2 protein chains.
Amino acid sequence: MNAMAALADPTRREIVEVLLAAPADAGTLAHMFPISRPAVSRHLRVLREAGVVRSEIVAQRRIYHIESAPLKEIDAWMERYREFWTDRLDRLDAHLQKET
Amino acid sequence: MNAMAALADPTRREIVEVLLAAPADAGTLAHMFPISRPAVSRHLRVLREAGVVRSEIVAQRRIYHIESAPLKEIDAWMERYREFWTDRLDRLDAHLQKET
DNA sequence: GTACTATGTAACAATATGGTTACATACACA
DNA sequence: TGTGTATGTAACCATATTGTTACATAGTAC
């Protein structure tokens, strides 16, 4: 659940959104943000260490990809309590679908 | 999406789990954790300011409750990308249920 | 009013976070 | 081999976070 801390930062959340659309190399990611390249590099490291992304080396480039497991883990945490914030109609619906 | 930062801390996540089971007053919450009462009080403040919890005053007690909106917001963020980490079988299942 | 209870805040210290610039490393290619 | 390109790391700084203890505030109850 370390991934939650990784996603607490808005820049890192944006990086994840970009990578969910398509893999990208560090340089491309870097110039999408108004901070220095090393700053982005470190955000990538935090994401990497949390297991949220993985990098693949292609020549001098590092192509970053999303790793789904940690996102799944957060999703599973939410899942346990989802019924709490889902309103009754939605819950009924979910129940009926489970019955099908 | 400030709620994500609030939930980044493991103690606060535990507090949320406790409150999802049932509302509780500050003192009760405080002695569930191995840190001082003021430390818990401040965690509650962070959760309050992120809108994750709300407190109701009853005599000298503050009863804390979960506020569902911020959790819903995180859930919605996940929702946008859920299909990415859901395996194909699950996706097919979801699709068929939607058709029903 | 006084004493007790519950809780938030202030002040402080230690550590973590997120940014910067300068530097190191490694591959590509003429 | 030498030069340019891509990227991570080191050193540093400012600010935020999280804990502590001491104190303030507010309600209860005799």
Side-chain angles (χ1 to χ4, degrees), chain A residues 1-67 70 74 77, chain B residues 1-67 70 74 77:
Chain A
M1 193 55 87
N2 206 348
M4 199 105 193
L7 294 181
D9 183 272
T11 300
R12 286 197 291 269
R13 224 152 40 224
E14 272 195 73
I15 290 175
V16 166
E17 293 189 34
V18 170
L19 294 180
L20 278 163
D25 62 82
T28 305
L29 286 168
H31 70 243
M32 289 179 161
F33 299 90
I35 56 178
S36 68
R37 193 192 49 71
V40 172
S41 182
R42 202 156 51 181
H43 280 306
L44 288 170
R45 175 165 150 175
V46 172
L47 289 168
R48 227 185 305 128
E49 288 176 348
V52 175
V53 303
R54 142 184 69 89
S55 75
E56 183 191 341
I57 300 178
V58 174
Q60 326 91 297
R61 303 235 166 69
R62 308 286 179 101
I63 314 292
Y64 282 86
H65 307 255
I66 292 292
E67 196 63 66
I74 294 176
W77 189 86
Chain B
M1 191 55 88
N2 205 346
M4 200 105 192
L7 293 182
D9 181 273
T11 300
R12 287 197 290 269
R13 225 153 38 226
E14 273 195 71
I15 290 174
V16 167
E17 293 189 33
V18 170
L19 294 180
L20 278 163
D25 62 82
T28 304
L29 287 168
H31 70 243
M32 287 177 162
F33 298 91
I35 57 178
S36 69
R37 193 192 50 71
V40 172
S41 183
R42 201 153 52 181
H43 279 305
L44 287 170
R45 177 165 150 175
V46 171
L47 289 169
R48 227 186 305 129
E49 287 175 350
V52 175
V53 303
R54 143 183 68 88
S55 74
E56 182 193 340
I57 299 179
V58 175
Q60 325 93 299
R61 302 235 165 71
R62 308 286 178 101
I63 314 292
Y64 282 86
H65 307 254
I66 292 293
E67 195 64 64
I74 294 176
W77 188 87

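Below, chains carry the letters A, B, ... as their sequence lines are ordered, and counting in each starts from 1. Keep in mind that this is a model prediction, so the values were computed, not measured.
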- What do the steps show when you test A/Ile57 against A/Arg62 for side chain to side chain contact (heavy atoms under 4.5 Å, CB included), and what is the final call? CA-CA 5 Å; A/Ile57 300 178; A/Arg62 308 286 179 101; 3.5 Å; yes
- Message: Let's go through A/Leu19 and A/Leu29 carefully: what are the C-alpha distance in whole Å and the side-chain angles of both, what is the deciding distance for side chain to side chain contact (heavy atoms under 4.5 Å, CB included) to 0.1 Å, and is it a yes or a no?
- Response: CA-CA 9 Å; A/Leu19 294 180; A/Leu29 286 168; 4.1 Å; yes
- Message: Between A/Trp77 and B/Val16, is the side chain to side chain contact (heavy atoms under 4.5 Å, CB included) condition met? List the steps.
- Response: CA-CA 11 Å; A/Trp77 189 86; B/Val16 167; 4.0 Å; yes
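Closest non-hydrogen pair, B/His43 versus B/Asp9, comes out as CE1-OD1, 3.5 Å. Nearest heavy atoms, A/Arg37 versus A/Ala30: CG-CB, 3.6 Å. Residues B/Ile66 and B/Arg54 approach most closely at O-NH2, 4.3 Å, considering heavy atoms. The minimum heavy-atom distance between A/Gly51 and A/Pro70, with the atom names listed, is O-CG, 3.1 Å. Of all the heavy atoms in B/Ala6 and B/Arg12, the pair that sits closest is O-NE, 2.7 Å.
Between B/Arg45 and B/Glu49 there is a salt bridge, since at least one side-chain N of the basic residue sits less than 4.0 Å from a carboxylate O of the acidic one.
Residues from residues 34-46 of chain A lying near DNA chain D, meaning a heavy-atom separation below 4.0 Å, are A/Arg37, A/Pro38, A/Ser41, A/Arg45 in numerical order. Near DNA chain C, meaning a heavy atom under 4.0 Å away, the residues from residues 3-27 of chain B are B/Asp25, B/Ala26, B/Gly27. A heavy-atom distance below 4.0 Å to DNA chain C is reached by these residues of residues 52-65 of chain B, ordered by number: B/Gln60, B/Arg61, B/Arg62, B/Tyr64.
Between A/Leu47 and A/Tyr64, every side-chain heavy-atom pair lies at or beyond the 4.5 Å cut-off.
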